[in-house]
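For reference, the structure discussed in these notes is given below.
Here the structure is a predicted model, which is why all the values come from computation and not from measurement. Chain letters run A, B, ... following the sequence lines, proteins first, then strands; residues in each count from 1. The figures that follow rest on heavy atoms only: side chains count, while hydrogens, waters and symmetry mates do not.
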Amino acid sequence: MAFYITTPIYYVNAEPHLGHAYTTVVADVVARLKRLQGEEVFFLTGTDEHGDKIVRAARTAGLSPREYVDRMAERFRQTWPLLHIQYSRFIRTTEPYHQRLVQQVLAQLYEKGELTFGEYEGLYCFGCERFLTPKELVDGCCPDHHTPPTPLKEANYFFDLSRHQEWLLDHLRRHPDFIQPSGYREEVLGLLREPLEPLCISRPKSRLSWGIEFPFDPRFVTYVWFDALLNYLSGIGYPEDPSWQKWWAAAEHVIAKDILKPHAVYWPIMLRAMGLPPYRRLHVHGYWNLHEAKMSKSLGNVVRPEVLVSRYGADRVRYFLLREMAFGQDAEFSEEALVLRTNAELANDLGNLVFRTLSMVKKYFQGQVPEPGREFPGDRELAQGILSRIRNYFEEMGEFRFHRGLAALNEAVNLANRYVDREAPWELKKKGELERLSRVLYQLLEGLRVLAVALSPVMPRSAEILLQNLGLSPEEELSVEAALTWGRLRPGTPVERGPVLFPRLERPIQEASKSSPEEKTGQELYPLEEFKKWDLRVGEVVAAERVPGTDRLLKLTVRCPEERTLVAGIAEHYRPEELVGKKVVLVANLRPARIRGVLSEGMILAAKGSSGLKLVVPEGEVEPGAEVG
RNA sequence: GGCGGCGUAGCUCAGCGGUAGAGCGGGGAUCUCAUAAGUCCUAGGUCGGGGGUUCGAGUCCCUCCGCCGCCA
């Protein structure tokens, strides 16, 4: 069986970040799972290198577009091996083969009458590389880039999406798992309720030259999305390499939710217009939030994959990414969470199980796999318990529910740890029950073996080390079959204890991301230092009078201990005469502001209760100027 | 404005008609093979508010509040 999986090709206007890493790790894990199942896998990733934003990023970097994309593509290409990503091919949209295919497809669609040429007038945002509708504008500016759009009138080529809209709707209805998780399918169905606008797929060279030239009209280059999506075909050699058919029939895309529309609407319709079947499935994941800020490539708020790997190791990072995020939903990323999670599940539970088991084998059986011997009550339960969790794991992983799959595996680890505790091999040794001891350790070694095989797609390096320590050859052992068969270890095989697999991290290594934690309330939290910036003091009101012409304002003279004037909006709640002599709390280092002609050098604190405004006052006798904090 | 989602123990979330659950954190106990790890016990949370359907509702319906997404 063939299996074809893709990541999006990443737009090279920014460095690789956590979001790219997650998508790519997901694709890699699925690819490895399929290989474990004996399937033939093609895993495609790469870079998207055309468009206006690239030109501008290149200019900023002081490079030509060509130099710039070469450099950035290399950055991506070098990042993935660090994360143990094993792709089949890395495609770049600037490759001649890809460019030829795009031109070929444009020519084909043009001949088939799928494309129309027309004039369009509108407001263009260079940041978005698209025209905006007047309704989208916020204060006359682009809602995303906060810059005013430029009025432009141009002739362009359009792709009439609505012609295939009914077909797509029908396809979606007939294939409930075409887009998943289902929430995103619903979203696309919603999109298709309204007629689709024609998609403008050209850009005049006068405005943008960094793109693929239209084959039948050299005045234009191709819109980046139209160009980019076709990588999924050019990457497998369509149409020249005949093996493309085998792969295409099994195509599954992994994307983040921000590019749902191009993948769920434009792309299937493009394929339809080309006379090709749609891909098989589209898997959509959410965002990693760094506290509150979104992981967006436009914001500088990114976590560098290579930094994480250097701090925590690829396997830990891969495990955490899959375990922490419910695929499809957003999740929060922090290094603290990474440390907590991997300490608990990898160091304490799994790693410790490995180490204690191998230690006992070393100590009690001179480092050789003991004889399984006779089965006792509890032995079969352990084996069946672990195997059923592993079956469950494979099921969940196959459906992209990685967090649940790994939870199932943790249950298996837990079963084994309980088994150790219940059987207490050290007691058996003491009592000289060697036959029993032998069986117990054999059971545990088998547990480690099947766990290692099952985990290999997620943590390939750790799995390999573990299998080697068990005296096995990873190449021979890596199959789903081996993970689901109990009793493959041969007695007498030498095993190594090896170093601790997942050393416990004492405390989170300093945060890579610098931003303030926020509570569920959405309220931003600040360190104490932040509060200390405010000079809060006790002041005594020495004079008070109404500000002429206002209902709410009082002009106060306050001693704190120097005298200063300030304006307070409390006239509706306090009469001037009742304030004189009162001790109040004021903010003494506010930038002075002129209010109604009066210079206000501070602000008085008051509580806004249901029964009106109440001044905040010190509870007892305090001298003016006393610090509050 | 339209469509949709979410709001359950300190934190992250599962449950989706029948006596409130898991993991983490916190508290207690215990074994000693082990990475101060394991194992066991322990969370008394108006399941956002209100109303309704039902013998019975986090679980269905309505409504309100608060977040969020997509579209316009």
Can you list everything that forms a side chain to side chain donor-acceptor pair (under 3.5 Å) with A/D160? Sequence neighbours excluded, please. A/S162
Rounded to the nearest angstrom, tell me the gap between atom CZ in A/F327 and atom P in B/rU12. 22 Å
A/F355 CZ to B/rA34 P: how many Å, rounded? 8 Å
Could you give the CZ-to-C1' distance, from A/F320 to B/rU12, as a whole number of Å? 11 Å
Just say parallel, tilted or perpendicular for the rings of A/F327 and A/F402, cut-offs at 30° and 60°. perpendicular
Measure the distance from CG on A/N410 to P on B/rA14 and round it to the nearest whole Å. 17 Å
Side chain to side chain, A/P372 and A/L489, heavy atoms closer than 4.5 Å: no
Name the orientation class of the two ring planes belonging to A/Y232 and A/H263 (parallel below 30°, tilted from 30 to 60°, perpendicular beyond 60°). tilted
Would you mind reporting whether A/Y22 and A/L83 have side-chain heavy atoms less than 4.5 Å apart? no
Sugar-phosphate, base or nothing in reach of A/P425, heavy atoms under 4.0 Å: nothing
Under 3.5 Å donor-acceptor pairs involving side-chain atoms of residues 417-427 of chain A, not counting sequence neighbours:
{"unit_1": "A/N417", "atom_1": "OD1", "unit_2": "A/R356", "atom_2": "NH1", "d": "2.8"}
{"unit_1": "A/N417", "atom_1": "ND2", "unit_2": "A/D349", "atom_2": "O", "d": "3.3"}
{"unit_1": "A/R418", "atom_1": "NH1", "unit_2": "A/N414", "atom_2": "OD1", "d": "2.8"}
{"unit_1": "A/Y419", "atom_1": "OH", "unit_2": "A/D379", "atom_2": "OD1", "d": "2.7"}
{"unit_1": "A/E423", "atom_1": "OE1", "unit_2": "A/R436", "atom_2": "NH2", "d": "3.1"}

If I take atom NZ in residue A/K429 and atom P in nucleotide B/rC31, what distance separates them, rounded to the nearest angstrom? 22 Å
Would you classify A/E197 as touching base, sugar-phosphate or nothing, given that sugar-phosphate means primed atoms plus P, OP1 and OP2, and contacts are heavy atoms under 4.0 Å? nothing
Nearest whole Å is fine: how far is B/rC3 C1' from A/Y184 OH? 16 Å
Under 3.5 Å side-chain donor-acceptor pair for A/H84 and A/D315: yes
Nearest-Å distance once atom C1' is located in both B/rA29 and B/rU53: 48 Å
Pairwise P distance, B/rC61 and B/rG18 [rounded to whole Å]: 15 Å
Between B/rG50 and B/rG25, how far apart are the C1' atoms? Round to whole Å, please. 34 Å
A/V500 side-chain proximity, nearest of B/rU35, B/rA34, B/rC70: B/rU35
Should we say atom CD of A/E375 is surrounded by more than 12 heavy atoms from elsewhere, each under 6.0 Å from it? yes
Which whole number of Å gives the distance between the C1' atom of B/rU8 and that of B/rC47? 4 Å
Using only heavy-atom distances, determine whether the side chains of A/T6 and A/Y279 contain a donor-acceptor pair under 3.5 Å. no
With both pairing distances under 3.5 angstrom for Watson-Crick or G-U wobble, and | for a partner in another strand, the correct string for RNA chain B is ((((((((.[[[[.)..(..]]]].(((((.......))))).....[[[[[..)....]]]]]))))))).
Name the closest nucleotide to the A/E187 side chain, picking from B/rC33, B/rC70, B/rA37. B/rC70
Assess whether ring-ring contact (aromatic ring centres under 6.0 Å, His included) is satisfied between A/Y266 and A/W225, documenting all intermediate values. CA-CA 9 Å; A/Y266 305 162; A/W225 267 113; 7.5 Å; no
Ring-plane angle category for A/H253 and A/W267, please: parallel below 30°, perpendicular beyond 60°, tilted otherwise. tilted
Between B/rA37, B/rC71, B/rU32, which one does the side chain of A/L191 approach most closely? B/rC71
Separation of B/rC33 atom C1' from A/F365 atom CZ, nearest Å, is 13 Å
Please report the distance, rounded to the nearest Å, between CG in A/L406 and P in B/rA14. 16 Å
What is the nucleic acid contact for A/R193, judged by heavy atoms within less than 4.0 Å: base, sugar-phosphate only, or nothing? sugar-phosphate
If we take the C1' atom in both B/rG17 and B/rC11, what is their distance in whole Å? 29 Å
Expressed as a whole number of Å, how far does the P atom of B/rG58 sit from that of B/rG7? 15 Å
For the residue pair A/W486 / A/Q443, report whether a side-chain donor-acceptor contact shorter than 3.5 Å exists. yes
Select from A/R341 and A/E427 the residue whose nearest nucleotide in RNA chain B is closer to the 5' end of that strand. A/R341
Just compare B/rA14, B/rA34, B/rU32 and give me whichever is closest to any side-chain atom of A/K363. B/rA34
Every protein N/O lying under 3.5 Å from an N/O of nucleotides 38-42 of chain B:
{"unit_1": "B/rG38", "atom_1": "OP1", "unit_2": "A/D349", "atom_2": "OD1", "d": "3.2"}
{"unit_1": "B/rG38", "atom_1": "O2'", "unit_2": "A/R356", "atom_2": "NH1", "d": "3.0"}
{"unit_1": "B/rG38", "atom_1": "N2", "unit_2": "A/D421", "atom_2": "OD1", "d": "3.0"}
{"unit_1": "B/rU39", "atom_1": "OP1", "unit_2": "A/N414", "atom_2": "ND2", "d": "2.5"}
{"unit_1": "B/rU39", "atom_1": "O2'", "unit_2": "A/D421", "atom_2": "OD2", "d": "3.3"}
{"unit_1": "B/rC40", "atom_1": "OP1", "unit_2": "A/R418", "atom_2": "NE", "d": "3.3"}

What is the glycosidic conformation of B/rG10: syn, defined as within 90° of 0, or anti? anti
Whichever of A/G190 and A/A424 has its nearest RNA chain B nucleotide further upstream toward 5': A/G190
Which nucleotide, B/rU35, B/rC33, B/rC3, lies nearest any side-chain atom of A/L501? B/rU35
Please state the P separation for the pair B/rA36 and B/rU12 - nearest whole angstrom. 29 Å
Residue-level proximity of residues 375-388 of chain A to RNA chain B when a heavy atom falls under 4.0 Å: none
Pairs involving residues 357-374 of chain A, ordered by first then second residue, that meet salt bridge (charged side-chain N to carboxylate O under 4.0 Å, His left out) (sequence neighbours left out): A/R374-A/E435
Taking atom C1' in both B/rG49 and B/rC40, compute the distance separating them and give it to the nearest angstrom. 40 Å
Return yes when atom CD of A/E197 has more than 12 non-hydrogen atoms of other residues, nucleotides or ligands closer than 6.0 Å, and no otherwise. no
